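By convention in this document, chain letters (A, B, ...) are assigned in the order of the sequence lines, proteins followed by strands, and residues within each chain are numbered from 1. Note that this is a predicted model, so its numbers are computed, not measured.
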Number of protein chains: 2
Amino acid sequence: MQNRLTIKDIARLSGVGKSTVSRVLNNESGVSERTRERIEAVMLQHGFSPSRSARAMRGQSDKVVAIIVTRLDSLSENLAVQTMLPAFYERGYDPIMIESQFSPALVEEHLGMLSRRNIDGVVLFGFTGITDAMLAPWQPTLVLLARDASGFASVCYDDEGAIQTLMQRLYDQGHRHISYLGVPHSDVTTGKRRHEAYLAFCKKRKINPVAALPGLAMKQGYDNVARVMNSDTTALLCATDTLAIGASKYLQEQRIDTVQLASVGNTPLMKFLHPEIITVDPGYAEAGSRAAQQLIEQINGHAEPRQIVIPARLA
Amino acid sequence: MQNRLTIKDIARLSGVGKSTVSRVLNNESGVSERTRERIEAVMLQHGFSPSRSARAMRGQSDKVVAIIVTRLDSLSENLAVQTMLPAFYERGYDPIMIESQFSPALVEEHLGMLSRRNIDGVVLFGFTGITDAMLAPWQPTLVLLARDASGFASVCYDDEGAIQTLMQRLYDQGHRHISYLGVPHSDVTTGKRRHEAYLAFCKKRKINPVAALPGLAMKQGYDNVARVMNSDTTALLCATDTLAIGASKYLQEQRIDTVQLASVGNTPLMKFLHPEIITVDPGYAEAGSRAAQQLIEQINGHAEPRQIVIPARLA
DNA sequence: CTGTTAGCGCATTCAC
DNA sequence: GTGAATGCGCTAACAG
């Protein structure tokens with residue numbers, strides 16, 4: 001742990017100067033094939049790896065990024081992070097994890113801390129209350145997830161497409177009385193966009209919209225199904241799988257098995273508990289790797305911030 | 001981001017030498033109260049914070065630890081990590097996250113990477129296949145979670161106590177035919193210990209043990225309930241809440257509501273889906289903060305590796 | 001193509 | 001008590 005070798009040692013061991021070793025390390029051109037190979041052999045043989053702190057101090061980045069999730073146990077965010085981690089490690093970045101718990105104040109606090117620590121970049125899972133102002137300092141090296149903001153890089157889900165796909169599917173199955181369980185409009189993507197997509201479809205197809213927007217929690221789904229159900233209702237669309245799980249539990253308890261459920265988000269839990277529910281995969285996995293890739297490119301100056309939308313597809 | 005001040009700047013701004021600033025930074029003695037206050041004022045005013053990389057290079061630790069979870073979506077591990085993160089941040093450590101996916105090879109690979117990277121310490125959620133040999137190099141700065149190994153620091157759950165508490169509770173309720181759904185013995189803690197605790201209780205109370213040990217997954221619970229149920233069975237004890245959720249689904253589908261379920265692990269999902277199930281809280285939250293605390297003490301040489309057992313208590 | 005030199009920001013002697 | 005000098009491991013000029 002303590003007596004690690006340095007480029008100086010490698011240089012001595014392979015009979016060259018430090019800078020040549022450095023050049024090899026950084027894949028710079030201007031080193032003869034012969035010496036390069038020799039040095040690489042020595043490095044490999046001794047299991048050498050350069051000190052990150054030293055490189056970092058020399059102005060390079062320390063190759064550390066932060067992932068700020070809302071909650072560690074968010075089913076959807078988990079799926080995205082699951083693909084993000086390998087993507088970062090593959091490129092030599094260490095991802096540190098932070099839980100925002102939906103608190104803008106906590107995010108602000110952590111962002112401050114991160115800038116003091118000279119972190120390279122941030123992936124932030126957006127939620128209600130995050131303001132452009134608090135993100136501004138990070139604009140060049142920030143990727144927002146599940147939410148967009150003009151001027152910032154973002155990876156979003158196709159909320160309209162997801163809802164429309166599900167509605168169309170229900171409609172094709174013959175359903176004409178489709179209720180909706182969603183999230184308040186203060187949440188722009190999961191809340192407003194999905195709800196409006198529902199309303200738009202209803203209008204187009206002359207369906208009478210029946211909706212409630214309680215929130216994101218399972219219990220809120222459970223508690224509010226009754227409000228959107230009437231004797232005509234044959235199908236219920238949920239904005240998230242979490243809501244759908246809550247709603248399912250209620251319907252199950254009430255022994256109501258004549259209502260077709262549908263929801264955005266096919267997480268493993270959902271697939272296990274309720275394979276009968278029609279779901280759309282918003283592309284969590286793809287979102288994760290795309291976000292990591294985009295952030296790395298921004299850090300290296302290879303890409304400008306841009307908005308990415310992941311296409312939704314029927315599961 | 002680029003023009004951060006250095007101790008040199010702070011020194012100049014407060015009219016002292018660099019070393020004095022350094023002393024203040026490290027809370028060293030030998031600085032007059034007056035100058036200390038002045039320097040601290042200047043630092044505060046300019047929002048100065050020392051470069052981590054520079055300190056790290058000077059032989060200090062980089063104050064980065066790794067948390068290796070088995071799966072990002074493990075309900076129990078989430079609860080532990082949730083308390084771990086704040087504990088680390090509080091002490092100035094950045095926690096990087098890694099997912100082992102129950103693969104010893106992956107763990108080995110990552111541990112290698114971590115040592116090359118000069119990480120300060122590791123919290124590892126144990127599972128079948130991890131060998132002492134691969135952990136040995138990390139012995140001084142490793143904390144094993146949910147599993148113990150002699151010579152290594154660990155934070156474990158009280159498997160015997162948890163099972164015994166649940167069995168006693170069921171017994172007190174009058175149950176005399178209690179089946180068990182668990183995990184293979186290759187998993188020493190969740191598998192072997194819990195199963196043996198079940199058997200021990202059965203023996204003591206002259207209960208006829210009926211058990212199956214399929215594994216950790218919900219589906220395995222679902223698929224194997226039938227094997228441990230007979231006409232006498234009045235209660236079913238599950239080694240984990242995940243198994244219990246699987247089992248519940250099966251029982252629900254079969255419209256069997258005469259069997260009392262019990263399980264180790266009262267996660268939020270469990271409490272929502274099946275509040276009727278009797279659960280024991282193994283102390284995930286406490287385990288997380290204790291693990292973080294123990295690791296930090298080991299890193300700073302304030303504590304030797306030791307085994308910590310978290311007491312279980314009825315939820 | 002390759003070696004030499006000079007710092008990066010900080011902690012640590014060692015003088016004063 | 002305090003400041004000046006030294007070097008951590010590395011990259012970036014600049015020489016050869």
Side-chain angles (χ1 to χ4, degrees), chain A residues 1-43 46-64 92 115-120 300-301, chain B residues 1-40 42-43 46-64 92 115-120 300:
Chain A
M1 237 45 151
Q2 31 280 33
N3 292 338
R4 297 165 55 100
L5 332 81
T6 74
I7 52 168
K8 203 168 155 187
D9 299 315
I10 301 298
R12 188 170 35 74
L13 286 166
S14 32
V16 298
K18 296 193 309 179
S19 27
T20 308
V21 178
S22 177
R23 287 189 184 98
V24 172
L25 225 46
N26 300 349
N27 274 316
E28 281 174 26
S29 59
V31 182
S32 78
E33 205 45 46
R34 291 239 319 281
T35 44
R36 178 183 297 273
E37 280 173 7
R38 186 155 39 95
I39 294 176
E40 277 172 345
V42 174
M43 296 203 295
H46 293 267
F48 167 79
S49 78
S51 147
R52 305 192 106 209
S53 358
R55 314 190 94 174
M57 211 180 51
R58 271 314 285 158
Q60 308 268 41
S61 70
D62 12 8
K63 304 206 98 181
V64 175
S115 77
R116 252 164 300 172
R117 299 228 168 134
N118 220 28
I119 291 281
D120 291 307
N300 298 333
Chain B
M1 240 42 150
Q2 33 281 33
N3 294 336
R4 296 167 55 99
L5 330 83
T6 75
I7 53 169
K8 201 169 157 188
D9 299 315
I10 301 297
R12 188 171 34 74
L13 286 167
S14 31
V16 298
K18 295 192 307 179
S19 23
T20 307
V21 177
S22 178
R23 289 191 183 96
V24 171
L25 225 47
N26 300 345
N27 277 314
E28 284 174 24
S29 61
V31 181
S32 78
E33 205 45 48
R34 291 241 318 281
T35 42
R36 179 182 296 273
E37 279 172 9
R38 186 155 39 95
I39 295 175
E40 277 173 344
V42 174
M43 297 204 295
H46 293 268
F48 167 79
S49 77
S51 148
R52 303 188 112 232
S53 357
R55 313 190 95 175
M57 210 179 53
R58 272 309 277 155
Q60 311 267 29
S61 72
D62 6 10
K63 303 207 99 180
V64 175
S115 76
R116 270 186 299 272
R117 200 203 167 305
N118 218 28
I119 291 279
D120 291 308
N300 298 332

Check if the side chain of [X] and the base of [N] share a donor-acceptor pair of N or O atoms closer than 3.5 Å.
| X | N | value |
| --- | --- | --- |
| B/Ser32 | D/dG1 | no |
| A/Thr20 | C/dG3 | no |
| B/Thr35 | D/dT2 | no |
| B/Ser19 | D/dA4 | yes |

Check whether any side-chain heavy atom of B/Val21 sits under 4.5 Å from a side-chain heavy atom of B/Val24, and report yes or no. no
Looking at side-chain heavy atoms only, is the closest gap between A/Val16 and A/Arg38 below 4.5 Å?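 Yes, their side chains come closer than 4.5 Å.
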Quick one: on DNA chain D, does B/Met57 or B/Glu33 contact a more 5' nucleotide (nearest heavy atom)? B/Glu33
Toward the 5' end of DNA chain D, by each residue's nearest nucleotide, B/Val16 or A/Arg52: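 Looking at the nearest nucleotide for each, B/Val16 comes out on the 5' side.
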Looking only at atom types and distance, does a side-chain atom of A/Asp120 sit under 3.5 Å from a main-chain N or O of A/Lys63, one as donor and one as acceptor?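 Yes, the answer is positive, given that a donor and an acceptor are paired below the 3.5 Å cut-off.
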Is there a donor-acceptor contact under 3.5 Å from the side chain of A/Ser19 to the main chain of A/Ser22?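 No, A/Ser19 side chain to A/Ser22 backbone: no donor-acceptor pair under 3.5 Å.
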When rounded to the nearest 0.5 angstrom, what is the spacing between CG in B/Leu25 and CD1 in B/Ile10?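 CD1 of B/Ile10 is found 9.0 Å from CG of B/Leu25.
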Residue mapping more 5' on DNA chain C - nearest nucleotide basis, A/Arg58 or B/Arg58: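 By nearest-heavy-atom nucleotide position, the 5'-most residue is A/Arg58.
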Is any side-chain N or O of [X] closer than 4.0 Å to OP1 or OP2 of [N]?
| X | N | result |
| --- | --- | --- |
| B/Arg23 | C/dA11 | no |
| B/Ser51 | C/dC10 | no |
| A/Arg55 | D/dT11 | yes |

Could you state the atom-to-atom distance from [atom1] of [X] to [atom2] of [N] in whole Å?
| X | N | atom1 | atom2 | value |
| --- | --- | --- | --- | --- |
| A/Asn27 | D/dT11 | CG | P | 12 Å |
| B/Leu5 | C/dG9 | CG | C1' | 12 Å |
| A/Lys18 | C/dT5 | NZ | P | 10 Å |
| B/Leu25 | C/dC10 | CG | P | 7 Å |
| A/Arg116 | C/dG9 | CZ | P | 19 Å |
| A/Glu37 | C/dT2 | CD | P | 12 Å |
| B/Ile7 | C/dC10 | CD1 | P | 5 Å |
| A/Ile39 | C/dG3 | CD1 | C1' | 12 Å |

In terms of side-chain heavy atoms of B/Val31, which of D/dT2, C/dT12, D/dT11 is nearest? D/dT2
Out of C/dC10, C/dT12, D/dT11, which has the shortest distance to the side chain of A/Asn26?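 Of the candidates, D/dT11 comes closest.
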Intermediate values then yes/no, side-chain hydrogen bond (donor to acceptor under 3.5 Å, both in side chains), A/Arg117 and B/Ser49: CA-CA 8 Å; A/Arg117 299 228 168 134; B/Ser49 77; over 6 Å; no
May I ask you to say what B/Val21 touches in the nucleic acid, namely base, sugar-phosphate or nothing, with a heavy-atom cut-off under 4.0 Å? nothing
